[in-house]
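In what follows, chains are A, B, ... by sequence order, proteins preceding strands, each numbered from 1. Because the structure is a prediction, the values reported are computed rather than measured.
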There are 2 protein chains.
Amino acid sequence: MMAKKVTIRQVADEAGVSVTTVSQILNDKGGRFSQETRDRVLAVKERLHYVPDFNARNLILHSSKMLGVLIPDLRNPFFSSFIHGIQEYCRDATYMPMVFSANHDVKLETYYLGKLLEHSVDGLIIASASITAEAIDKLVKPLQVPYLLFDQNQIANLADRIEVDDYNGGLLAGQHLTELGHQKMAILLPANSTINVRERLRGFKAAIKQAGLPADNLTEIHADFSMKAGYEATQKVLDSNVSAVFCADDILAIGLYRGLNERGLHVPGDLSIIGYDDIDLDQYVYPRLTTIAQPVVEIGRESARLLVNRLEKPDIDRQLIKFPVKLVQRESTSVKK
Amino acid sequence: MMAKKVTIRQVADEAGVSVTTVSQILNDKGGRFSQETRDRVLAVKERLHYVPDFNARNLILHSSKMLGVLIPDLRNPFFSSFIHGIQEYCRDATYMPMVFSANHDVKLETYYLGKLLEHSVDGLIIASASITAEAIDKLVKPLQVPYLLFDQNQIANLADRIEVDDYNGGLLAGQHLTELGHQKMAILLPANSTINVRERLRGFKAAIKQAGLPADNLTEIHADFSMKAGYEATQKVLDSNVSAVFCADDILAIGLYRGLNERGLHVPGDLSIIGYDDIDLDQYVYPRLTTIAQPVVEIGRESARLLVNRLEKPDIDRQLIKFPVKLVQRESTSVKK
DNA sequence: CTGAAAGCGCTAACAT
DNA sequence: ATGTTAGCGCTTTCAG
């Protein structure tokens, strides 16, 4: 069951030096040893395929060089890209991200949070909506493991944070649609949205107001972040009798596409649709989806950077990075006829 | 930087017992202690938020309870679902999967393989195409870390393995198209395909033969597994002058959809398309994609099961599980006119 | 029923 | 330039 590991002692014996010597040389602290000794140790290491035991190493260093990452849904391309960015940065920083998807399930999320902590991750990136303030207070705080929050903020007055200018995202979406002449519109978003999604809504409402339209021209329709939910919301959208829909994420829009398609309806002819995120897929659906773009790979990268920075300088002030969004106009929106 | 951890010693002191007692009780080996003692220890543990130090624990047990998972592309929904299955099984088995995506890059793959080993994973699930036999021989074998291969087999005579009946998948695809009357067909697949993909090709060719068509009725077109590559292959497909295309994965098909769409061509009217994998997205594109379904979530689950089984019973015979595929007929294929 | 003691593989003061 | 020693936090004989 267990791997027969070569230990540092064997390398030391084989090279005819002490354990210390090997340790120092292998950790690039071997300046004080002769070139000859260093070469010998390195050679033996290679020959025996020595790999240091992280468990022993971490036990002393009190660091596992692992980062825990909690996301709500691995199957959403948005988060795949987020992870992509995190992995990219972690390679440079020689950390290993441990990624878990909680599938929007509070129980699962708490489970993974606990496990991650058990495995003594050095820090946490929590990009999960369902995590509760209590879970963080109860599990994370006592261990003093630094964490960073993304996509939510009700919890987080003291933690480092990544934010996206979601208010502006909603505003841009709303301005785009109203400029196209739409007056009655719907928004598709989850029932208990996190703060970032509520910001999108707030921005969208602001645009409606700016355009001089009455607030009740906007119909809110609840749907979870999945293609299926978007699809299933189709009838409600149609019943709401609007000419344009703002989907709080792209996945939702793609689900809605299908529902409209099955009913023989045409986008944007019968209904203009704008999404949110700008996932790759947007360019591969028909019609290509107009959306609000978030720089998600960069967001992932920066999340990791901020966290690692915090680990290395525990005492710096609370960090906050805010990312801009932009409108990416494609073919799913058009002037109201 | 480091978390102030509560140690077992503090729990012992607080509870007025020895370290041994705490260890035994917390590891469910406390049968020999009085109920009273057990309760007290458990209570103190709760109160102090004690979490055992995995590094110390693993150092002794020679097991990290972690599994390394290497996949080629996290952004392909097929692999997201694969991971999903792995995570599911791992929860039951109390292992933690560490997932890394190598983005079809040999260097990256070798890097992650090494890192995973450094972090002393107990076993590996390698579902990555670009991994080389040498990398496995050089890195994995000496450490005697059990591993399981999926989606390739040239390497693996002795390792446990998960296989999918890809020959049959290709055959089914070919039979479906020939039964619809198609005579000239193309197949889209990566240039240096892994064995599983080549099996799909072999099955497809067998179907052509069965149908009494000449072998050169099939045009092979190379494209990596990405939407972009499928899109970029469009012109080649059109130049090949075929009436049907077999895409070696669904993602490719969706890319091709876009290329055809931009040229005003119609699926399946102008070209029948069949994919491979049966990702969720297939039902959300227009027309819904006919495909060969692999039970990918189950494959992930079984991969983890097999590996964990191997870890627990190191001496059992080499394990091999073979999964069936099936044709899922939707609207992207039709009779040749 | 409970505890003392040894030791997992490694790093880092502190000698020499 | 190199080695000795102590100890990280835990599990596990073994002795009471």
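Counting to the nearest Å, the C1' atom of C/dC8 and the CD1 atom of B/I60 are 6 Å from each other. Distance CG (A/L61) to P (C/dA13): 11 Å, rounded to an integer number of Å. The distance from atom CG of A/L59 to atom P of C/dT11 is 11 Å, rounded to the nearest whole Å. Atoms CG (A/N55) and C1' (C/dG9) sit 9 Å apart, rounded to a whole Å. Distance B/F33 CZ to D/dT12 C1': 11 Å, rounded to the nearest Å. One atom, CG of A/D39, and another, C1' of D/dA1, lie 15 Å apart when rounded to the nearest Å. Protein atom CD of B/Q24 is 9 Å distant from nucleotide atom P of D/dT11, rounded to whole Å. The distance from atom CD1 of A/I8 to atom C1' of C/dT11 is 8 Å, rounded to the nearest whole Å.
Applying the 4.0 Å criterion to OP1 and OP2 of C/dT11, one finds that A/R57 has a side-chain N or O inside that range. Distances shorter than 4.0 Å separate some side-chain N or O of A/S34 from OP1 or OP2 on D/dT2. For the OP1/OP2 pair of D/dT11 and a distance below 4.0 Å, the side-chain nitrogens and oxygens of B/K29 include no atom meeting the criterion. For the OP1/OP2 pair of D/dC10 and a distance below 4.0 Å, the side-chain nitrogens and oxygens of B/Y50 include at least one atom meeting the criterion. The side chain of A/T21 contributes no N or O atom lying less than 4.0 Å from OP1 or OP2 of D/dA1.
Aromatic ring pairs are classed by plane angle as parallel below 30°, tilted from 30° to 60° and perpendicular above 60°; the pair B/F54 and A/H119 is tilted.
B/N27 comes within contact range of the sugar-phosphate backbone alone, with a heavy-atom separation under 4.0 Å but no base atom that close. No contact: A/N58 has no heavy atom under 4.0 Å from any strand. Base contact: A/V19 has a heavy atom under 4.0 Å from a base atom. The residue B/S23 sits close to a base: some heavy atom pair falls under 4.0 Å. B/R32 comes within contact range of at least one nucleobase, with a heavy-atom separation under 4.0 Å. At the heavy-atom level, B/F54 lies nowhere under 4.0 Å from the strands shown.
Residues B/S63 and B/N58 approach most closely at O-OD1, 2.8 Å, considering heavy atoms. B/S64 and B/V121 get closest at one heavy-atom pair: OG-CA, 3.6 Å.
Considering only the side chain of B/T7, D/dC10 comes nearest among D/dC8, C/dG3, D/dC10.
Comparing B/Q35 and B/A56, the nucleotide of DNA chain C nearest to each residue sits closer to the 5' end for B/Q35.
With hydrogens and angles left out, the side-chain atoms of B/T37 and B/S34 include a donor and acceptor closer than 3.5 Å.
A salt bridge links B/E302 with B/R305; the closest basic N to acidic carboxylate O contact falls under 4.0 Å.
Residue B/T20 places a side-chain atom within donor-acceptor reach of the base of C/dA4, judged by atom type and a 3.5 Å distance cut-off alone.
No option in A/L61, A/L59, A/D53 other than A/L59 meets the side chain to side chain contact (heavy atoms under 4.5 Å, CB included) test with B/N55.
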